[in-house]
Amino acid sequence: MHEPTVAEQDALQSLVAQQNRLDRVAAPLLVNNPAICKDNARNLLGFTAKNKYSYSEELSSATQQALGLNERLQVVHVLAGSGAARAGVHKGDGLVAVDDQPLPQGPHAERQAAAIIGPLVTGKQSVKLTVARNGANIALNVPLTLACAFSVELGNSDNVNAYSDGRRIVVTRGMMRFAQNDNELAYVLAKEMAHNVLGQQAKQHISGTMGDIIDNLVLLHPDMSTMNGMAGIRPYTPELDASADNLSLYMAARGGYSVDGAPRFWQRLAQQYPASVLNGYTAIHPMTQYRLSAMDRTVVELKGKQAAGKPLMPVS
C-alpha cells in the first residue's frame with residue numbers, strides 16, 4: 001500500500017465532510033416522515049457502514065489510513081434519533097453479525113450484507129447486533145427505526161442540481177456550496193424526497209434516465225460528457241413540481257426545519273441559475289413564479305397549523 005498523497009487525503013476529507021453534512025441534514029427528514037413516505041418507509045438499523053472497497057481504488061490507501069477502514073464493514077454514520085443511536089452504536093464499530101448471522105467482508109460486503117439484513121428486520125421491533133469495538137465483540141439490542149428508506153449521496157459535479165430516481169437522492173457538490181445553511185440544504189433534500197414519494201419520475205418517464213445520472217455522479221470522476229444539455233431529462237410539469245414543493249415543505253417542517261426561507265431560496269436559485277443553464281436545477285424545474293405562489297400558500301397553511309397545534313399532515 002503506497003503512502004497516500006496530499007491530494008488523495010484532501011479529496012477523501014472533502015468527500016467525507018460533504019457526505020457527513022448530507023447525512024446530518026437528511027437524518028430528521030428521514031426519521032420524522034415515515035407517515036408521509038408510506039410505502040417508501042422501512043424498518044432500518046439506523047446507521048451507514050462501509051469498508052475499504054466502498055471508495056474508489058485511487059483513494060483506497062487514503063481511506064485505510066484516514067478512516068481506518070479494512071475488509072470488515074465499519075459504521076461511518078449513525079442516524080440521529082434512530083434506534084441505533086439509542087442503543088449505543090458508535091462510529092467506528094465493526095459489523096460482526098446480526099441476529100447471530102455473520103456479516104460478510106471483502107469487495108462486495110455492502111451488497112451482500114444488505115441481502116442478509118433485509119429479511120432479518122422484516123416484522124421485528126429490534127435485532128441483536130454484534131459489533132467489534134476496542135478488540136472485543138459487543139452484543140447490542142438495536143430497536144429498529146421506521147424511516148423513509150431513501151439513500152442520500154453526494155454527486156461529484158459542480159453543476160448546481162439534485163436528482164432522484166424513486167429510491168435514491170443525489171445532491172451535487174455545486175448545490176451543496178449554493179445552499180448557505182442547513183435549512184436551505186433541507187429544502188433541496190425534502191424536494192427530492194417528495195418527488196420519490198409521489199412517484200413523479202415515473203409519471204415524467206424519466207426514472208431510468210435519473211438512475212443513469214445518479215450512477216454516473218456518485219463516481220469519483222463522473223463522465224460529464226453525458227451531462228451536456230438536459231442529459232435526456234424532461235422538465236417537470238408545473239403541476240407536478242408544485243405538488244412536490246407542497247409536500248416537501250411539510251416534510252421539512254416535520255423534520256424541524258424552518259420553512260420561512262424556502263420561497264426566497266428557490267427564487268435566488270432561479271435568478272442565479274436560470275432555465276437557460278441547461279444542466280442546472282431550474283432547467284429541470286421551470287415555472288418558478290408558479291411554484292413560488294404555491295409555496296407561499298403552503299407556508300401560510302403550515303404556520304397556521306403550527307400555531308394551532310394541529311398535525312403537520314398535507315391534505316391528501
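The basis for the numbers below is simple: all heavy atoms, side chains too, and nothing from hydrogens, waters or symmetry mates.
- Looking only at atom types and distance, the side chain of S258 has no donor-acceptor partner in the side chain of N183 under 3.5 Å away.
- Under the side-chain contact (heavy atoms from CB on, under 4.5 Å) rule, V131 has a single partner from V142, D93, N137, which is D93.
- Transitive grouping of hydrophobic side chains (ILVMFWY, heavy atoms separated by less than 4.5 Å) keeps L185 and I214 in distinct clusters.
- For F178, the ring-ring contact (aromatic ring centres under 6.0 Å, His included) partners two or more places apart in sequence, or in a different chain, are F265, Y273.
- Between K128 and D99 there is no salt bridge, since none of the side-chain N atoms of the basic residue sits less than 4.0 Å from a carboxylate O of the acidic one.
- Judged by distance alone, with hydrogens and angles left aside, the side-chain atoms of T172 form a donor-acceptor pair with the main-chain N or O of N161 at under 3.5 Å.
- By the criterion of side-chain heavy atoms lying less than 4.5 angstrom apart, applied directly or through intervening Ile, Leu, Val, Met, Phe, Trp or Tyr residues, M175 is not grouped with M210; the two fall into different hydrophobic clusters.
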Test side-chain contact (heavy atoms from CB on, under 4.5 Å) on L120 and Q101 and set out the steps.
CA-CA 10 Å; L120 294 178; Q101 291 198 32; 3.4 Å; yes
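- Shown here for P28 and R24, the closest heavy-atom pair between the two residues is CD-O, 3.4 Å.
- L22 and V78 are assigned to two separate hydrophobic clusters, defined by single-linkage of ILVMFWY side chains at heavy-atom distances under 4.5 Å.
- A donor-acceptor pair under 3.5 Å is formed between the side chain of T122 and the backbone N or O of G118.
- At least one side-chain heavy atom of L269 sits under 4.5 Å from a side-chain heavy atom of V160.
- Listed by first and then second residue, the side-chain hydrogen bond (donor to acceptor under 3.5 Å, both in side chains) pairs involving residues 227-237 amount to none (not counting sequence neighbours).
- Residues R173 and S157 come closest through the heavy atom pair CG-O, 3.0 Å.
- For the pair E153/L217, no side-chain contact is recorded, criterion being any heavy-atom separation below 4.5 Å from C-beta on.
- L189 and L15 fall within a single hydrophobic cluster, where Ile, Leu, Val, Met, Phe, Trp and Tyr side chains are chained together by heavy-atom contacts under 4.5 Å.
- Here the side chain of T145 pairs no donor or acceptor atom with the backbone of A147 at under 3.5 angstrom.
- Between L144 and L45, the closest side-chain pair of non-hydrogen atoms falls below 4.5 Å.
- A distance of 13.5 Å separates CZ in R297 from CG in L302, rounded to the nearest 0.5 Å.
- By the neighbour-count criterion of 12 heavy atoms within 6.0 Å, atom CG of D223 is densely surrounded, having more than that number from other residues, nucleotides or ligands.
- Here the shortest heavy-atom pairing between P263 and M295 reads CG-CB, 4.2 Å.
- With contacts defined as side-chain heavy-atom distances shorter than 4.5 Å, the pair I284/P235 does not qualify.
- When all heavy atoms of P314 and I36 are compared, the pair lying nearest together is CD-CD1, 4.0 Å.
- By the 4.0 Å N-to-carboxylate-O rule, R168 lies close enough to D215 to be salt-bridged with it.
- Proximity of a side-chain donor or acceptor of Q19 to a complementary backbone N or O of L154 within less than 3.5 Å is detected.
- A donor-acceptor contact shorter than 3.5 Å links the side chain of K305 to the backbone of M313.
- In this structure, a donor-acceptor pair under 3.5 Å is absent between the side chains of E301 and N246.
- Between the side chain of N51 and the main chain of L73, no donor-acceptor pair closer than 3.5 Å is present.
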Kindly indicate, with the supporting measurements, whether the criterion side-chain contact (heavy atoms from CB on, under 4.5 Å) is fulfilled by V121 and R42.
CA-CA 9 Å; V121 301; R42 302 284 188 277; over 6 Å; no
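- For the residue pair S243/Q200, the side-chain donor-acceptor check at 3.5 Å is satisfied.
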Going through the distances and angles, do H77 and K91 end up as a side-chain contact (heavy atoms from CB on, under 4.5 Å)?
CA-CA 6 Å; H77 174 259; K91 182 178 179 180; over 6 Å; no
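- Shown here for G255 and N32, the closest heavy-atom pair between the two residues is CA-ND2, 4.1 Å.
- In summary, the side chains of N216 and T226 do present a donor paired with an acceptor at a separation below 3.5 Å, with no hydrogens or angles considered.
- Distance alone, capped at 3.5 Å, places no donor-acceptor pair between the R291 side chain and the A242 backbone.
- Residues V197 and M251 have side chains in contact (heavy-atom distance under 4.5 Å, counting atoms from C-beta outward).
- For the pair D241/K191, a side-chain contact is recorded, criterion being any heavy-atom separation below 4.5 Å from C-beta on.
- The two residues M193 and C37 come nearest to each other via the heavy atoms CE-SG, 4.3 Å.
- When side chains are defined from C-beta on, T48 does not count as touching V75, because their heavy atoms never get closer than 4.5 Å.
- Of the possible polar contacts, none joining the N40 side chain to the A149 backbone as a donor-acceptor pair under 3.5 Å is found.
- E110 has its side chain within reach of K50: a pair of non-hydrogen atoms, C-beta onward, lies under 4.5 Å apart.
- Side chain of Y257 to backbone of L29: no donor-acceptor contact under 3.5 angstrom is found.
- D165 places no side-chain N or O within donor-acceptor distance of the main-chain N or O of S207, the cut-off being under 3.5 Å.
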Please step through side-chain contact (heavy atoms from CB on, under 4.5 Å) for the pair V277 and N279, ending with a clear verdict.
CA-CA 6 Å; V277 180; N279 63 355; 3.6 Å; yes
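- Linking Ile, Leu, Val, Met, Phe, Trp and Tyr residues whenever their side-chain heavy atoms come within less than 4.5 Å places I117 and F47 in a single cluster.
- Using a 4.0 Å cut-off between a side-chain N of Lys or Arg and a carboxylate O of Asp or Glu, E184 and R268 qualify as a salt bridge.
- Of the N and O atoms on the side chains of Q18 and S14, at least one donor lies less than 3.5 Å from an acceptor on the other residue.
- Using a cut-off of 4.0 Å between Lys/Arg side-chain N and Asp/Glu carboxylate O, E71 and K52 are scored as salt-bridged.
- Contacts of Y281 classified as ring-ring contact (aromatic ring centres under 6.0 Å, His included), with partners at least two apart in sequence or in another chain: W266, H285.
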